[in-house]
Amino acid sequence: QEQLVESGGGLVQAGESLRLSCLASGRTFGSYAMGWFRQAPGKEREFVAAISRSGGSTYYADSVKGRFTISRDNAKNTVYLQMNSLKPEDTAVYYCAADRAPGLERNSYAYDYWGQGTQVTVSS
């Protein structure tokens with residue numbers, strides 16, 4: 001069982017940056033591909049970014065490509081989401097998730113463990 005805890009959310013103005021962190025509790029963090037998803041009020045949860053087990057491969061939603069960067073530090077059991085040039089439409093609860101299967105997935109059903117989420121609000 002992997003427990004995931006997100007942090008780093010907050011209220012920022014458009015154009016500013018935030019870095020989200022997701023700390024995993026287990027001792028097998030390096031065996032999971034990791035993803036970030038978000039859910040805005042009244043909308044379905046959507047894929048943001050994913051990273052492979054080693055961190056050598058990444059995958060982004062078109063809406064965040066060039067602005068967000070996913071990375072991981074397996075020694076610290078942590079995955080990050082650096083968010084630059086934030087827009088009001090980025091406002092959502094952001095979740096990290098762990099996938100026991102290899103590869104990069106944008107489908108939320110592929111992920112086995114989820115964090116509780118952290119709120120990101122971008123004002124215009």
- Is there a side chain to side chain contact (heavy atoms under 4.5 Å, CB included) between L20 and E6 once you walk through the steps? CA-CA 7 Å; L20 305 183; E6 301 96 335; over 6 Å; no
Taking all non-hydrogen atoms of both residues into account, name the closest pair between [X] and [Y] and its distance.
X    : Y   : answer
A98  : L4  : N-CD1, 3.8 Å
N74  : G30 : ND2-CA, 3.9 Å
Y111 : A50 : OH-CB, 3.7 Å
V120 : G9  : CG2-CA, 4.1 Å
S31  : R53 : O-NE, 2.9 Å
A92  : A40 : CB-N, 3.8 Å

- Item | Side-chain heavy-atom pair N77, S25 within 4.5 angstrom cut-off | no
- Query: Considering only heavy atoms from C-beta outward, does the side chain of W36 approach that of I51 to under 4.5 Å?
  - Reply: no
- Query: Same hydrophobic cluster for M83 and V79, using side-chain heavy-atom links shorter than 4.5 Å among ILVMFWY?
  - Reply: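 Yes.
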- Shared hydrophobic cluster, L81 / V12 (ILVMFWY, side-chain heavy atoms < 4.5 Å): yes
- Does a sphere of radius 6.0 Å around CD in Q119 hold more than 12 heavy atoms from other residues, nucleotides or ligands, not counting ones at 6.0 Å or beyond? yes
- Item | ring pair (Phe, Tyr, Trp, His ring centres under 6.0 Å) partners of Y113, counting only residues at least two apart | Y32
Ignoring hydrogens and angles, write down the donor-acceptor pairs under 3.5 Å from the side chains of residues 55-63, residues two or more places apart or on other chains.
unit_1	atom_1	unit_2	atom_2	d
Y59	OH	R106	NH1	3.1
Y60	OH	I70	N	2.9
D62	OD1	K65	NZ	3.2

- Message: Show, in sequence, the C-alpha distance, side-chain angles and deciding distance for T69 and Y80, and conclude whether the side chain to side chain contact (heavy atoms under 4.5 Å, CB included) test is met.
- Response: CA-CA 8 Å; T69 302; Y80 304 98; over 6 Å; no
- Task: Could you tell me the separation between the CD atom of Q39 and the CD atom of E46, rounded to the nearest 0.5 Å?
- Result: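 Rounded to the nearest 0.5 Å, the CD-CD separation comes to 9.5 Å.
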- Task: First locate atom CG of L18, then atom OG1 of T118, and finally report the distance between them rounded to the nearest 0.5 Å.
- Result: 9.0 Å
- side chain to side chain donor-acceptor pair (under 3.5 Å) contacts touching residues 82-95 (sequence neighbours left out):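 Every pair satisfying side chain to side chain donor-acceptor pair (under 3.5 Å) with a residue in residues 82-95: S17-N84, R38-D90, R38-Y94, R67-D90, Q82-N84.
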- Message: Suppose the criterion is salt bridge (Lys or Arg N to Asp or Glu O under 4.0 Å): which pairs have a residue in residues 91-101, not counting sequence neighbours?
- Response: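 Checked against salt bridge (Lys or Arg N to Asp or Glu O under 4.0 Å) - neighbours excluded - the pairs reaching residues 91-101 are R100-D112.
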- Message: Suppose the criterion is disulfide bond (SG atoms under 2.5 Å apart): which pairs have a residue in residues 18-124, not counting sequence neighbours?
- Response: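 For residues 18-124: C22-C96.
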- Item | Selection residues 53-84 - residue pairs positive for disulfide bond (SG atoms under 2.5 Å apart), sequence neighbours left out |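 Not a single pair qualifies under disulfide bond (SG atoms under 2.5 Å apart).
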- Item | Residues E16, L86; criterion side chain to side chain contact (heavy atoms under 4.5 Å, CB included); working and verdict | CA-CA 6 Å; E16 294 184 341; L86 283 161; 5.5 Å; no
